[in-house]
Structures are given as structure tokens and as C-alpha cells.
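First comes the structure, then the notes that go with it.
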Amino acid sequence: MGATLLTTCIFALLLSKPLEAAQCMPDNENPCIAMCNGTTFDITKVFNYPVNITDPRGYYYLFSPCKGYPCPSGEQPTTDTAVCQKADVFYTCGKIEKPIVMWGLTYEPFIFSFQYPWGVDWRISIFNFISDPTQTVPTIKFISEDPFLQYNFEVRGKCIGQPYCNDN
């Protein structure tokens with residue numbers, strides 16, 4: 001009885017504050033642009049793509065979200081790769097086709113994500129973009145592979161694709 005009551009109380013507490021997020025509509029012509037409730041996110045000029053990223057294990061990732069990149073991924077080579085991993089061999093860890101774009105409906109800081117599914121063996125790469133007015137030059141880093149085959153990255157900077165950003 002006590003455990004059931006505790007579970008019910010925790011569940012009610014979680015439901016008392018709804019999660020606030022919006023799924024955005026990717027642009028049909030440019031996968032680096034998405035619209036969310038009249039707000040446009042454009043990561044086209046955040047970096048000079050493709051970007052190389054290294055994780056602590058020594059694996060390398062090539063991030064090319066706007067035009068894709070040829071990834072010689074074993075039996076499934078592809079030219080529309082958003083994230084190509086070089087581990088023991090090459091793996092496609094997400095394609096540019098139909099990224100999933102989410103916005104946390106916050107403005108200070110702006111937090112949104114571009115997620116790239118359709119990788120080899122169900123791999124997916126998630127890039128969380130966080131605006132930080134103190135960081136004038138954007139950075140990108142590998143965060144974790146958690147859960148297995150989900151690659152988590154963080155992009156942080158003053159202007160990281162959010163609207164109304166003046167990078168002067």
C-alpha cells in the first residue's frame with residue numbers, strides 16, 4: 001500500500017508541470033533550417049562544415065548537416081550522411097534526410113536540438129544547441145554515447161542558429 005501511494009504521489013507530481021517543447025518543421029530545401037511556431041532556426045553558418053569532432057575513446061565524427069557527406073560505411077555506403085563515425089570502421093550515425101528538430105520553448109538561453117536518425121544499425125546523433133552570450137566563438141563537443149548507439153553532442157555559443165542573434 002505504501003509503495004503504491006508513493007508511486008501515485010510521484011506520478012501526480014510529474015504531471016503537475018507539463019513538459020514544454022515544440023517539434024519543428026525542417027525546410028524542404030535546406031536540412032539546416034527549421035520552423036517552430038513562427039521561429040526560424042538556421043544552423044547553416046554556425047560552422048564551416050564539415051566539422052571534425054573527437055570523443056574520449058579516440059573515435060572521430062564528421063558532422064555535415066547541410067549537404068551531407070560520403071561515409072564509406074561498410075555494406076551501406078551513403079552520400080547523404082549528417083554524421084560519419086570512424087571507429088574500428090566507418091559508420092553512418094545519422095542522415096540529413098528529415099532531421100528531427102525540437103525547441104525547448106525557452107529564449108534565455110535558446111535551447112534546441114537537431115536529431116539525425118537513420119544511421120547504420122539504428123544509430124542516431126543528437127546535437128543540442130545552447131545559446132551562451134559569453135561565448136562568442138561557437139564550440140562543438142562530444143558528450144556521450146548513451147544509450148548505446150545514441151551519440152550526444154553539444155553546440156554552445158552566442159549565435160548558434162537561433163533567431164534575432166547579433167554576433168557583433
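FYI, the numbering just counts along the sequence from 1.
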Next on the checklist: Test of understanding: with side-chain hydrogen bond (donor to acceptor under 3.5 Å, both in side chains), list the residues that count as partners of Asp88, not counting sequence neighbours.
Outcome noted: Tyr91

Item to check | Steps toward side chain to side chain contact (heavy atoms under 4.5 Å, CB included) verdict (Gln135, Thr139) | outcome: CA-CA 8 Å; Gln135 195 166 341; Thr139 61; 2.8 Å; yes

Next on the checklist: Test of understanding: with side-chain hydrogen bond (donor to acceptor under 3.5 Å, both in side chains), list the residues that count as partners of Tyr61, not counting sequence neighbours.
Outcome noted: Asp55, Arg57, Gln85

Next on the checklist: Test of understanding: clusters of I, L, V, M, F, W, Y form through side-chain heavy atoms closer than 4.5 Å, transitively. Do Trp122 and Tyr151 belong to the same one?
Outcome noted: no

Checklist outcome for this item: Closest non-hydrogen contact found for Val46 with Gly161 is CG2-N, 3.8 Å

Next on the checklist: Could you check whether Phe114 and Phe127 have their ring centres less than 6.0 Å apart?
Outcome noted: no

Item to check | Shared hydrophobic cluster for Tyr164 and Ile130 (ILVMFWY, side-chain gaps under 4.5 Å) | outcome: no

Item to check | Heavy-atom closest contact (Arg123 atom, Cys93 atom, distance) | outcome: CD-SG, 3.6 Å

Item to check | Under 3.5 Å: donor-acceptor pair, side chain of Gln162, backbone of Ile160 | outcome: yes

Checklist entry - Hey, what do you get for SG (Cys66) to CD1 (Ile33), rounding to the nearest 0.5 Å? => result 8.0 Å

Item to check | Atom CZ of Phe110: over 12 foreign heavy atoms under 6.0 Å | outcome: yes

Checklist entry - To the nearest 0.5 Å, what is the distance between SG (Cys36) and CH2 (Trp103)? => result 6.5 Å

Item to check | Fellow cluster residues of Val137, listed by chain then number, with links counted only when side-chain atoms sit under 4.5 Å apart | outcome: none

Checklist entry - How would you list, by chain and number, every residue that makes a side chain to side chain contact (heavy atoms under 4.5 Å, CB included) with Asn28, sequence neighbours excluded? => result none

Next on the checklist: Other residues, nucleotides and ligands only: do more than 12 of their heavy atoms fall within 6.0 Å of CH2 on Trp118?
Outcome noted: no

Item to check | salt bridge (Lys or Arg N to Asp or Glu O under 4.0 Å) contacts in which one or both residues fall within residues 89-118, not counting sequence neighbours | outcome: none

Checklist entry - Can you name the nearest heavy-atom pair linking Ala22 to Leu105, along with the distance? => result CB-CD2, 3.9 Å

Next on the checklist: Which heavy atom of Pro65 sits nearest to which heavy atom of Cys32, and what is that distance?
Outcome noted: C-SG, 3.5 Å

Next on the checklist: Could you work out, with side-chain hydrogen bond (donor to acceptor under 3.5 Å, both in side chains) as the rule, every residue matching Thr44, not counting sequence neighbours?
Outcome noted: Asn30, Asp42

Checklist entry - Any side-chain heavy-atom pair from Phe153 and Phe63 closer than 4.5 angstrom? => result no

Item to check | Euclidean distance, Met35 CE relative to Asp27 CG, rounded to 0.5 Å | outcome: 9.5 Å

Next on the checklist: Nearest 0.5 Å, please: how far is CZ in Phe41 from SG in Cys24?
Outcome noted: 5.5 Å

Next on the checklist: Using a strict SG to SG cutoff of under 2.5 Å, would you count Cys165 and Cys159 as disulfide-linked?
Outcome noted: yes

Next on the checklist: Could you work out, with salt bridge (Lys or Arg N to Asp or Glu O under 4.0 Å) as the rule, every residue matching Asp132, not counting sequence neighbours?
Outcome noted: Arg156

Checklist entry - Under the side chain to side chain contact (heavy atoms under 4.5 Å, CB included) test, which residues partner Lys86, sequence neighbours left out? => result Tyr60, Phe90

Checklist entry - With Ser144, which residues qualify under side-chain hydrogen bond (donor to acceptor under 3.5 Å, both in side chains), at least two apart? => result Asn152

Item to check | Spacing of Met102 atom CE and Gln115 atom CD [to the nearest 0.5 Å] | outcome: 7.0 Å

Checklist entry - Of all heavy-atom pairs between Pro138 and Thr136, which one has the smallest distance, and what is that distance? => result CD-O, 3.7 Å

Checklist outcome for this item: Pro31 meets the side chain to side chain contact (heavy atoms under 4.5 Å, CB included) criterion, sequence neighbours left out, with Ile96, Pro99

Next on the checklist: According to a hydrophobic-cluster definition based on side-chain heavy atoms being under 4.5 Å apart (Ile, Leu, Val, Met, Phe, Trp, Tyr only), do Ile140 and Val101 belong together?
Outcome noted: yes

Item to check | Results of side chain to side chain contact (heavy atoms under 4.5 Å, CB included) for Asn128 - residues two or more places apart only | outcome: Ser113, Ile126

Item to check | Cluster link Val155 to Ile100, ILVMFWY, side chain under 4.5 Å | outcome: no

Checklist entry - Quick one: do Leu62 and Tyr59 end up in the same hydrophobic cluster if we chain Ile, Leu, Val, Met, Phe, Trp and Tyr together by side-chain heavy atoms under 4.5 Å apart? => result no

Identify each donor-acceptor pair in which a side-chain atom of residues 47-54 lies under 3.5 Å from a protein atom, sequence neighbours left out, and give them as a table.
{"from": "Tyr49", "atom 1": "OH", "to": "Ile43", "atom 2": "O", "distance (Å)": "2.8"}

